[in-house]
Amino acid sequence: MTTENSAAILPVLRKSAELRARIAAWRSAGDRIGLVPTMGALHEGHLTLVRRALDAGERAVVSIFVNPTQFAPSEDFSLYPRREAEDVAKLQALGADLVWAPELEEMYPPRFSTYVRVEELTDHLDGPHRPSHFQGVATVVTKLLRQVAPDRAYFGEKDYQQLQVVTRLARDLDLGVEIVGVPTVRDPDGLALSSRNLYLSEDERQRAGILPRVLAETADAAAAGVASLPELLRAARAALTEAGFGPIDYIQICDAETLVPVNALERPARIFVAARLGKTRLIDNMPVGRSNLP
Ligand code: AMP
């Protein structure tokens, strides 16, 4: 909905009552609504999701909320970049319709005690490495989808496991929203854009481009049947260690739908990695057999 709105001041709402009123007004005017949930520090990956909503003729609602329940105590909640003024300026320039930046107490009132847990999909990949992460994600996304009640919600394949978890919960809980997955946006050297890339030193940023390269080469070799998947994954792990990554939480090829690790390519599969470079934990994934590097 860029046309009549691009010159207007982009509203930033912090109270659910204000949000409800705005959404109700759009609904009664017959507008369709697209939601893009984010934790802010917006980059071109996020903006691509917003453009998808605008291109579909939807009112583009962007939520900005650094969700404490998806961070473990040992993780980077307090360090996570917060740049609201810059984010709002970027969204205003794009023609987004609304920023939903709830206060903490709006999302987690005193004695908050109800959580959403998605089984199976969270047994793999990041699940075991970040024990309460997906429960935090599923809970906050369920709340955002209830608050905004969009027709569609847009999520990046960058966080592919999250995309699958959200798709499953929207179906299982009859949330009546279409979840749209959007391909990963990358820098010219292939590194997936991420708010956490801001943590990388100049030298680490140089080396980080090796991660998607190893992923793409391993995916191509797997698709070509150059060696067994365990052999290829061992070689990939060694290449990353050699380049200074570590610890490597996982590098695995999994079924693209169930996320169960596979030893042979019989159904659509993806390669997934989570590895630390210095203090920064980087994750990435891509389809096996169809490299999505630039
Ligand atoms: P975050 O702010 O990290 O929670 O991300 C908000 C949304 O943007 C999630 O759906 C992410 O998957 C998506 N996203 C983050 N980075 C990228 C990227 N490089 N390309 C596409 N989508 C992304």
Side-chain angles (χ1 to χ4, degrees), residues 34-55 60-71 75-77 79-84 86-88 90-91 94 96 99-102 107 121 125-126 130 133-145 148 150 152-170 177-200 205 208-209 211-212 215-216 259 270 272-274 280-287 292-294:
L35 172 66
V36 179
T38 82
M39 297 205 301
L42 301 183
H43 51 63
E44 198 47 41
H46 299 113
L47 300 185
T48 299
L49 270 56
V50 180
R51 260 185 229 110
R52 285 287 299 269
L54 291 169
D55 290 348
V61 178
V62 181
S63 64
I64 299 179
F65 181 66
V66 185
N67 174 36
T69 63
Q70 71 189 70
F71 290 79
E75 294 181 346
D76 55 344
F77 175 70
L79 290 176
Y80 198 86
R82 288 160 173 86
R83 319 194 148 182
E84 190 184 283
E86 285 160 76
D87 292 346
V88 171
K90 287 177 187 175
L91 293 171
L94 212 56
V99 174
W100 170 226
M107 295 305 270
L121 290 168
L125 301 168
D126 260 8
R130 305 186 69 191
H133 172 69
F134 286 114
Q135 176 175 298
V137 169
T139 303
V140 83
V141 169
T142 303
K143 287 176 65 81
L144 291 167
L145 292 174
V148 178
R152 305 213 276 184
Y154 297 83
F155 290 83
E157 289 182 351
K158 158 76 176 30
D159 302 283
Y160 190 86
Q161 187 172 18
Q162 169 176 281
L163 167 63
Q164 295 301 98
V165 164
V166 168
T167 303
R168 182 75 59 89
L169 88 80
V177 56
E178 183 188 344
I179 304 298
V180 181
V182 179
T184 304
V185 179
R186 298 174 180 280
D187 267 338
D189 68 346
L191 182 66
L193 300 188
S194 165
S195 307
R196 289 192 168 94
N197 292 353
L198 294 167
Y199 300 152
L200 297 170
R205 176 61 194 85
L211 189 74
L215 223 50
L259 306 182
R270 295 182 83 91
F272 295 85
V273 68
T280 309
R281 186 173 187 271
L282 298 174
I283 62 169
D284 200 356
N285 71 90
M286 48 186 78
N292 61 356
L293 279 180

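Remember, it's 1-based here, ligands and their atoms both numbered in the order they're listed. The basis for the numbers below is simple: all heavy atoms, side chains too, and nothing from hydrogens, waters or symmetry mates.
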Check your understanding: Side chains of Arg152 and Tyr154: do they bring a donor and an acceptor to under 3.5 Å?
Key -> yes
Revision key, fill the gap. Sequence neighbours excluded, the answer for salt bridge (Lys or Arg N to Asp or Glu O under 4.0 Å) partners of Glu84 is Arg14
**Study point:** Residues that Arg130 engages under salt bridge (Lys or Arg N to Asp or Glu O under 4.0 Å), provided they are two or more places apart
**Key:**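 With neighbours one apart ignored, the set is Glu75.
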Where does ligand 1 get N/O contacts under 3.5 Å from the protein, atom by atom?
residue, atom, partner, partner atom, Å
ligand 1, 2 (O), Met39, N, 2.9
ligand 1, 2 (O), His46, NE2, 2.9
ligand 1, 5 (O), His46, NE2, 3.4
ligand 1, 10 (O), Gly156, N, 2.9
ligand 1, 12 (O), Gly156, N, 3.2
ligand 1, 12 (O), Gly156, O, 3.2
ligand 1, 12 (O), Asp159, OD2, 2.7
ligand 1, 16 (N), Leu193, O, 3.3
ligand 1, 19 (N), Val185, O, 2.9
ligand 1, 19 (N), Leu193, N, 3.4
ligand 1, 19 (N), Leu193, O, 2.8
ligand 1, 20 (N), Val185, N, 2.9

**Study point:** Contacts of type ring-ring contact (aromatic ring centres under 6.0 Å, His included), residue His133, not counting sequence neighbours
**Key:** none
Point to revise | Pairing of Arg270 and Asp284 as salt bridge, 4.0 angstrom limit | key: no
Practice item. Using a strict cut-off of less than 4.0 Å between a Lys/Arg side-chain nitrogen and an Asp/Glu carboxylate oxygen, indicate whether Arg196 and Asp76 qualify as a salt bridge. Key: yes
